[in-house]
**Q** 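There's a structure below that I have some questions on.
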Amino acid sequence: MVFRFFDSFFLLFLLFFIRFASLQAFTGTYGINYGRLADNIPSPDEVVTLLRAAKIRNVRIYDADHSVLKAFSGTGLEIVIGVTNGQLQNMSSSADNALNWVKENVQPFLPETRIRGIAIGNEVLGGSNNALWGVLLDAAKNIYNATKKLHIDKLIQITTSNSYAVFQDSYPPSSCKFTDNVKQYMKPLLEFFQQIGSPFCLNAYPSLTYAGDPEHININYALFQPNKGVYDPKFKLHYDNLLDAQIDAAYAALEDAGFHKMEIIVTETGWASAGDPSEVGANITNARTYNYNLRKRLAKKKGTPHRPKNVLKAYIFAIFNEDSKDGPTSERNYGLFKADGSISYNIGFHGLNAGDSSHLSIKVS
């Protein structure tokens, strides 16, 4: 009888925890991506120290690394983990595979580690691996059904992040639509996300848009600096920064597809502090300006011109410079912090080293 009492008590506690925790999927408006494609970055325990000192509560990783999940246990940090693109075929092919994945990578760490979401792949639709486009939805459904079977679906939000490659005609924002080749995969995915209450997750990089057309895009428009802005005649709205315009373009595409109430969360945005000669604007001055002004923008807790009531939430890319990443130089220089834990540039954070004191102050409640 005693064991039954404690079993019942624990079940009631877990159900209460899940019901309460589901209301806290994103604390505040500011989060960060914790990429680990590097051989020289601080340990997960040191990362916890860094994040708590910076008062950053929301974190995304791109896998389900157990050393990270253990380090985050009992810290109060809220984490979104990932099913990698390489695992999508396996997750889509079998409900048992998805259930076993959740049992191994999610269930054992709850509730001490606050796993708040599972991202199903990253930038799949519109990406170069067309074979994954058709399996994304089934992978998402199988992972969701696994969380439901384990009674943690109210705690764990299922999403996938999209790049700007899924859109066409994004200027002005009101003209944006999903590309024709993506639509057949995107619409059923959005229908599923609408059913389970998931947001549309967007990776938005004004830096890349600027670099693609620096002759016609004002650098100050991309950096949240004073500029004349852009007017959208259909929306009848004025935009003073490129990020807001990119987000409202995504809202326009959602509306065109019939999804008028879906929220957008920015799952990646940032600016590289170094780049190749061909990567226009990738330098430490612009990176500092963008990330400092972005932090101020998010602290205001306001929406975009087209969706003023939808408070903008964004995950910054990224915590560290990642020296093992392939591609152009910029890919290895998005970090707010260097590999030794010191700040890359001053936007108001402290590094792991005592000497990295900050003289900037941003009020973020």
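All heavy atoms count here, side chains included; hydrogens, waters and symmetry mates do not. By convention here, the first residue in the shown sequence is residue 1.
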**Q** For residues Tyr185 and Phe178, establish whether the separation of their ring centroids is below 6.0 Å.
**A** no
**Q** Keeping the roles fixed (side chain from Asp276, backbone from Ser278), state whether a donor-acceptor pair exists under 3.5 Å.
**A** no
**Q** If we count only N and O atoms by modelled type, under 3.5 Å, do the side chains of Asn33 and Tyr334 hold a donor and an acceptor together?
**A** no
**Q** Any salt bridge linking Arg57 with Glu78? Criterion: basic side-chain nitrogen under 4.0 Å from a carboxylate oxygen.
**A** yes
**Q** Hey, would you say the His66 and Phe109 ring centroids sit under 6.0 Å apart?
**A** yes
**Q** Can you name the closest pair of heavy atoms from Val80 and Ala119 and give their distance?
**A** CG1-N, 4.1 Å
**Q** Given the side-chain rings of His306 and Phe235, with only the six-membered ring counted for Trp, is the space between their centroids under 6.0 Å?
**A** yes
**Q** Quick check against the 3.5 Å criterion: does Ser175 have a side-chain atom that pairs as donor or acceptor with the backbone of Asp169?
**A** yes
**Q** Please check: side-chain N/O of Asn97 versus main-chain N/O of Asn90, any donor-acceptor pairing under 3.5 Å?
**A** yes
**Q** Just so I know, are the side chains of Val311 and Lys302 near enough to count as touching, which here means a heavy-atom distance under 4.5 Å?
**A** no
**Q** For Glu263, run the salt bridge (charged side-chain N to carboxylate O under 4.0 Å, His left out) check against Arg307, Lys313, Lys309 and tell me which one passes.
**A** Lys313
**Q** Could you tell me whether a side-chain N or O of Trp271 sits under 3.5 Å from a main-chain N or O of Gly281, the two making a donor and an acceptor?
**A** yes
**Q** I'd like to know if the side chain of Gln246 pairs up with that of Thr209 as donor and acceptor (distance under 3.5 Å, no hydrogens or angles considered).
**A** yes
**Q** Does the pair Asn181 and Thr179 meet the rule for a side-chain hydrogen bond (donor to acceptor under 3.5 Å, both in side chains), with working shown?
**A** CA-CA 6 Å; Asn181 62 338; Thr179 62; 2.7 Å; yes
**Q** Quiz question: by atom type and distance under 3.5 Å, do the side chains of Asp232 and Ser174 form a donor-acceptor pair?
**A** yes
**Q** Is any side-chain N of the basic residue among Asp65 and Arg36 closer than 4.0 Å to the acidic one's carboxylate O?
**A** yes
**Q** Strictly below 4.0 Å, N to O, side chains only: are Lys183 and Asp180 in salt-bridge contact?
**A** yes
**Q** Any side-chain to backbone donor/acceptor pair from Thr147 onto Ile156? Under 3.5 Å, distance only.
**A** no
**Q** Check for me whether the distance between the ring centres of Phe224 and Tyr290 falls short of 6.0 Å.
**A** yes
**Q** Closer than 3.5 angstrom, by distance alone: can the side chain of Ser342 be matched with the main-chain N or O of Lys338 as a donor-acceptor pair?
**A** no
**Q** Go through Asn218 and Tyr210 one step at a time and tell me if the side-chain hydrogen bond (donor to acceptor under 3.5 Å, both in side chains) criterion holds.
**A** CA-CA 8 Å; Asn218 186 334; Tyr210 167 74; over 6 Å; no
**Q** For Asp326, does the CG atom sit with more than 12 other heavy atoms under 6.0 Å from it, leaving out its own atoms?
**A** no
**Q** Once you measure the plane-to-plane angle for Phe72 and Tyr34, does it fall in the parallel (<30°), tilted (30-60°) or perpendicular (>60°) bin?
**A** parallel
**Q** Is there a donor-acceptor contact under 3.5 Å from the side chain of Ser161 to the main chain of Glu123?
**A** no
**Q** Show your working on side-chain hydrogen bond (donor to acceptor under 3.5 Å, both in side chains) between Glu46 and Thr49 and close with a plain yes or no.
**A** CA-CA 5 Å; Glu46 291 175 303; Thr49 300; over 6 Å; no
**Q** Give the intermediate values and the outcome of side-chain hydrogen bond (donor to acceptor under 3.5 Å, both in side chains) for residues Ser198 and Gln157.
**A** CA-CA 6 Å; Ser198 295; Gln157 190 175 70; 5.2 Å; no
**Q** Please identify which of these residues, Asn142, Leu150, Ile143, meets the side-chain contact (heavy atoms from CB on, under 4.5 Å) condition with Leu99.
**A** Leu150
**Q** Please confirm whether the backbone N or O of Glu268 pairs with a side-chain atom of Asn203, one donor and one acceptor, at under 3.5 Å?
**A** yes
**Q** Do the side chains of Tyr62 and Val106 join up, straight or via other hydrophobic residues, at under 4.5 Å, putting them in one cluster?
**A** no
**Q** If the threshold is 4.0 Å, N to carboxylate O, is there a salt bridge linking Lys228 and Asp240?
**A** no
**Q** Please give me the minimum heavy-atom distance between Gly351 and Ile343, naming the atom from each residue.
**A** N-CG2, 3.7 Å
**Q** Quick check: does any side chain N or O of Asn333 sit under 3.5 Å from a backbone N or O of Thr329, one acting as donor and the other as acceptor?
**A** yes
**Q** Under the 6.0 Å and 45° cation-pi test, does Arg60 pair with Tyr315?
**A** yes
**Q** Taking the six-membered ring of Tyr292, is the NZ or CZ of Arg295 close enough (under 6.0 Å from the centre) and on axis enough (within 45°)?
**A** no
**Q** Under 4.5 Å between side-chain heavy atoms, hopping through other hydrophobics if needed: is there a path connecting Ile264 to Phe317?
**A** no
**Q** Looking only at non-hydrogen atoms, find the nearest pair between Pro305 and Asp244 and report the distance.
**A** CD-OD2, 3.8 Å
**Q** Compare every heavy atom of Ile120 with every heavy atom of Leu136, then report the nearest pair and how far apart it is.
**A** CD1-O, 3.4 Å
**Q** Are Ile56 and Leu352 joined in one hydrophobic group, where the rule is that I, L, V, M, F, W and Y side chains link up if heavy atoms are under 4.5 Å apart?
**A** yes
**Q** Between the main-chain N or O of Pro173 and the side-chain N or O of Asp248, is there a donor-acceptor pair closer than 3.5 Å?
**A** no
